[in-house]
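This report refers to the structure that appears directly beneath it.
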Amino acid sequence: MASLKPKIEEKRWKPELELEIQKVWEEEDLYKFDLDSDKPKFSIDTPPPYASGKWHAAAAIHYSQIDMIARTMRMKGYEVYFPFGVDRNGLPVEVETEKRYKIRMFEYPREEFLELCRKFLDEAEMDILSISKRLGLSADFKNYFQTDSEMWRAVTQATFIYAWNKGYVYEDYRPNNYCPRCKTTLADAEVEYKEMPTKLVYLKFRVEGSDEEVVVATTRPELLPACEAVIYNPEDKRYKWLKGKRVITPLGKAIPVMEHPYADPKFGTGLVMICSYGDRADVQLFRELKLRPTIIIDEHGRLNEKAGKYQGLTIKEAKERIIQDLKEQGFVDKVEVIQHRTPVCWRCKTPLEIIPMREYYLKQREFVDDLRKFITDKLVEFHPEWSATYWMNWLNSIDSDWPISRRRYYSTEIPIWYCKSCGKPVLPEPGKYYRPWREDPPFNKCPHCGSSEGFIGEERVFDTWMDSSISPLVYNGYMWNPKMFEKLGSSDLRPQGKDIVRTWLHYTFLRVYQLTGKPAFKHVWISGMGLDEKGRAMSKSLGNIIYPWPLFEKYGADALRFYGAAQAHLGSDFRISEEKIAGVFKFLQKLWNVSRFISHFPEPDKPERMTPTDLWILGELNEVIRDSMKGYEDFDFFDPANRVRGFVWNVFAPHYIELVKDRAYGSVPNEEEVKAARWTLHYVLRSVLKLLAPITPHITDYIWRKMYRGSVHKELFPEPRDEWDTEYLKLGKKLMEFNSYVWKLKKERGMRLSEPISLEIPEELEPFKGDIVRLHKISGAGGGI
RNA sequence: GGGCCGGUGGUCUAGCGGCUAUGACGCCGCCCUUACGAGGCGGAGGUCGGGGGUUCGAGUCCCCCCCGGCCCA
């Protein structure tokens with residue numbers, strides 16, 4: 001048919017075309033959120049990516065999947081609020097800034113250090129924004145949020161003041177995780193564990209009033225000056241005779257021997273020294289056994305005057321020195337090297353110490369029961385369902401409140417001033433951003449004692465999770481846009497990685513519950529982690545980071561997006577392999593070619609009657625739609641991606657299209673049959689494009705705009721139609737097998753596929769006879785089979 | 001030590017009680033077909049981590065164990 005010209009002229013799909021379509025989207029402001037729309041609203045609590053370094057491909061894929069959620073909900077008829085924010089608070093940027101400028105934060109003027117951090121953040125932010133846009137995220141980049149903006153920080157402070165007024169905040173002096181390098185307290189959620197080779201030192205203790213010796217094994221000999229007891233397991237018969245006795249430490253101090261089940265008879269000699277504080281267990285044991293702690297480590301990670309001759313040494317130095325000394329004095333029985341799980345700082349990986357400090361705490365223990373109900377009473381829907389156990393496990397392990405003050409700089413300041421006369425804390429009115437370390441308070445009289453002597457500003461800042469844990473409120477207008485917040489409330493869905501359940505997810509639920517009395521979200525979506533080809537997490541130290549830009553250039557964003565969707569079910573980890581992304585690109589090319597072929601033909605009105613071949617493929621399409629929608633319901637894009645790919649590649653293109661080619665070209669006499677084929681081709685293509693639109697938004701919209709009216713992203717998902725669930729669906733497999741059989745047969749006989757062949761068509765395939773005969777050029781009955 | 005997830009051809013994956021175990025990528029051979037060599041046809045390659053059990057029948061359900069990943073103690 002010479003008169004048929006394809007609407008799609010380009011022979012190939014190219015990644016550069018994605019930029020073209022992105023420009024169109026921007027010009028049309030296609031994804032603009034309309035608060036006043038009549039549609040139901042759906043708001044997403046987009047994770048603000050941390051602006052501390054370059055994004056790797058795994059992060060890009062993660063965000064592309066969040067974008068798929070937004071697009072899914074739009075195509076289900078919702079008005080979707082998909083904000084974008086950048087996280088710019090906290091330790092990581094300080095650590096990176098120190099590294100880059102080779103400076104130490106505490107030896108640098110605070111104001112100037114903050115300026116350097118800001119510079120660093122601005123650069124990192126640029127990188128994140130450009131990748132996000134290149135990915136085709138349908139988020140609102142025009143009004144993106146920054147967690148260190150005056151507005152966000154004012155809200156953080158206001159929510160703190162509310163919590164304070166409700167009595168949820170208290171200050172306490174208690175042992176806590178402390179990073180000697182970062183010089184700050186850390187919450188349990190910020191502690192990581194690393195397997196490290198550690199010396200296990202066997203020390204001889206003399207039993208008081210006798211010449212007998214016992215041997216105690218310890219990984220922390222430097223804490224000997226702080227050793228206040230030795231324990232053994234009550235089941236351990238070897239040490240029963242020590243009950244009630246005292247032993248003399250190598251340093252000459254007499255301490256009691258006690259029974260406690262914490263002692264593991266199999267570890268070391270079964271005798272354990274209890275020091276203030278080797279680890280969190282020690283803290284508990286001191287409390288239980290009513291021992292008085294001796295604190296020998298200061299906030300710089302050095303031993304203090306209570307450590308006697310070891311004063312001034314770092315922990316590491318003290319350890320070596322004391323082992324040396326004790327060896328010389330004959331107190332060391334032996335030294336072993338064992339693998340020991342050591343708690344380290346999540347940011348700089350320095351081993352942590354347990355040091356008591358005055359810190360502010362936000363109550364969480366008394367809320368745990370209520371939070372558990374979010375899961376048990378199904379107030380929140382988790383995707384996938386089992387991912388709720390991540391949070392449940394964390395809730396079940398909470399045994400202390402959340403320390404929220406940090407001795408750092410680049411974070412939201414704690415809005416408190418202390419009266420110079422009575423020393424009591426005074427908080428300002430919520431609503432403004434306060435910086436007590438450099439500003440005068442907005443009041444001059446102490447409400448506690450009435451003094452006007454003046455105030456001292458608090459110097460500490462908040463844990464960065466204090467800012468991020470209110471993201472669903474800030475995004476949705478809490479305090480800064482009351483009208484919007486009233487309509488939206490807290491976000492509907494939280495998408496995030498499984499690695500920050502105990503921090504971001506938990507703290508958000510906690511704080512939003514404290515502020516609003518309600519669950520922060522209706523849906524929580526937890527994704528797995530993107531790993532390298534060998535299944536390892538990507539990190540600078542391993543040197544296995546895959547960057548997204550080269551992939552964008554070679555295969556485009558859609559290939560990367562589709563790859564992420566098709567690689568693993570929601571919640572499972574997935575590996576990133578360039579070879580497979582190249583494979584996805586081939587599929588996109590296939591989709592392009594299929595569309596180009598169909599674009600040759602005009603799209604007629606729906607004809608009265610379909611042929612059995614058309615009804616078969618429409619029945620297949622019904623199934624594809626049903627299966628895909630099941631995935632979309634759960635925000636799991638694995639099934640839609642794979643189901644549609646399989647359908648297009650293995651069914652629609654090689655079989656249906658081949659069968660109806662002649663009809664499509666108009667080379668059959670029956671006009672109705674021509675129309676039926678053309679209509680069906682277009683209908684299936686439209687449906688496929690719509691089903692793929694959330695996953696591969698560029699190519700689908702590009703094709704759509706070339707062939708049809710408007711944007712595919714303004715369409716709703718296709719729906720299955722009952723009238724197409726016909727008996728022909730069951731014959732489809734037979735039909736395809738027969739096609740393959742004929743192709744094979746011709747090949748075996750050395751025939752061209754266009755050569756006529758004489759064979760019998762199986763009786764059950766009779767309904768498809770016309771199309772089969774034309775496809776294979778079957779000439780009459782007989783012969784063949 | 002506990003929890004969660006996983007272990008299916010070289011790699012990745014589907015199947016979650018029923019004919020001969022799915023598909024993709026890769027590999028090998030052949031063909032030439034006008035939307036597409038990014039095509040078509042064919043092929044090699046698997047004791048479905050191991051062991052017990054339930055069942056007429058088990059990758060599929062149950063128990064134990066091993067291995068890997070993540071989280072926690």
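Computed from heavy atoms alone, side chains included, the values below leave out hydrogens, waters and symmetry copies.
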Complementary nucleotide of [N], counting Watson-Crick and G-U pairs under 3.5 Å:
{"N": "B:U60", "answer": "none"}
{"N": "B:G39", "answer": "B:C31"}
{"N": "B:G1", "answer": "B:C72"}
{"N": "B:C48", "answer": "none"}

Whole-angstrom distance between [N] and [M], as gauged at atom [atom1]:
{"N": "B:C61", "M": "B:A24", "atom1": "P", "value": "26 Å"}
{"N": "B:A44", "M": "B:C28", "atom1": "C1'", "value": "7 Å"}
{"N": "B:G29", "M": "B:C71", "atom1": "C1'", "value": "50 Å"}
{"N": "B:A14", "M": "B:U55", "atom1": "C1'", "value": "25 Å"}
{"N": "B:U22", "M": "B:C63", "atom1": "P", "value": "29 Å"}
{"N": "B:G15", "M": "B:U34", "atom1": "C1'", "value": "40 Å"}
{"N": "B:G46", "M": "B:G9", "atom1": "P", "value": "10 Å"}

Query raised in the report: Is there a ring-ring contact (aromatic ring centres under 6.0 Å, His included) between A:F521 and A:F509 once you walk through the steps?
Result: CA-CA 8 Å; A:F521 316 104; A:F509 271 126; 5.4 Å; yes
How are the rings of [X] and [Y] set to each other: parallel, tilted or perpendicular (split at 30° and 60°)?
{"X": "A:F601", "Y": "A:Y665", "result": "perpendicular"}
{"X": "A:F768", "Y": "A:W616", "result": "perpendicular"}
{"X": "A:W525", "Y": "A:F637", "result": "tilted"}

Report task. Using whole Å, report how far CD1 of A:I598 lies from P of B:C36. Result -> 14 Å
Query - Euclidean distance, atom CG of residue A:N642 to atom P of B:A24 [Å, nearest integer] - result: 11 Å
Report task. Quick one: classify the glycosidic conformation of B:G59 as syn or anti, with syn meaning within 90° of 0. Result ->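 You should classify B:G59 as syn.
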Query raised in the report: A:K11 side chain N/O closer than 4.0 Å to the phosphate oxygens (OP1, OP2) of B:A35?
Result: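 Checking A:K11 against B:A35: no side-chain N or O falls below 4.0 Å of OP1 or OP2.
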Query - Under-4.0 Å side-chain N/O to phosphate OP1/OP2 contact, A:Y665 with B:A35 - result: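 For B:A35, OP1 or OP2 has a side-chain N or O of A:Y665 closer than 4.0 Å.
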Requested in this report: Assess the pair A:H260 and A:Y232: is the distance between their ring centroids shorter than 6.0 Å?
Outcome: no
**Report entry** Pair A:F585 + A:W13: ring centers closer than 6.0 Å
**Finding:** no
Query - Given RNA chain B, 5'-ward residue of the pair A:S595 and A:D639, judged by closest heavy atom - result: A:D639
**Report entry** Comparing A:V594 and A:T389 on RNA chain B - which has the more 5′ nearest nucleotide
**Finding:**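 With A:V594 and A:T389 compared, the 5'-side residue is A:T389.
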Report task. Using modelled atom types only, decide if a donor and an acceptor are shared between the side chain of A:T219 and the backbone of A:L200 within a distance under 3.5 Å. Result -> no
Look at the side chain of [X] and decide which nucleotide, out of [options], has an atom nearest to it.
{"X": "A:K498", "options": "B:C4, B:C70, B:A35", "answer": "B:C70"}
{"X": "A:N393", "options": "B:A35, B:U13, B:G3", "answer": "B:G3"}
{"X": "A:F597", "options": "B:A14, B:A35, B:A24", "answer": "B:A35"}
{"X": "A:F638", "options": "B:U13, B:C36, B:G23", "answer": "B:U13"}

Query raised in the report: If you look at every strand shown and take non-hydrogen atoms under 4.0 Å, does A:L588 touch a base, only sugar-phosphate, or nothing?
Result: nothing
**Report entry** Touch class at under 4.0 angstrom, heavy-atom based, for A:E658 against every strand present
**Finding:**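 The residue A:E658 makes base contact.
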Query raised in the report: Between A:W504 and A:R494, is there a cation-pi geometry (under 6.0 Å to ring centre, at most 45° from the normal)?
Result: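 Because its charged atom sits under 6.0 Å from the ring centre and within 45° of the axis, A:R494 does stack over A:W504.
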Write down the protein N/O and nucleotide N/O pairs, taken from nucleotides 26-31 of chain B, whose separation is under 3.5 Å; answer none if there are no such pairs.
unit_1 : atom_1 : unit_2 : atom_2 : d
B:G26  : OP1    : A:K586 : NZ     : 3.0
B:C30  : O2'    : A:K747 : NZ     : 3.4
B:C30  : O2     : A:K747 : NZ     : 2.9

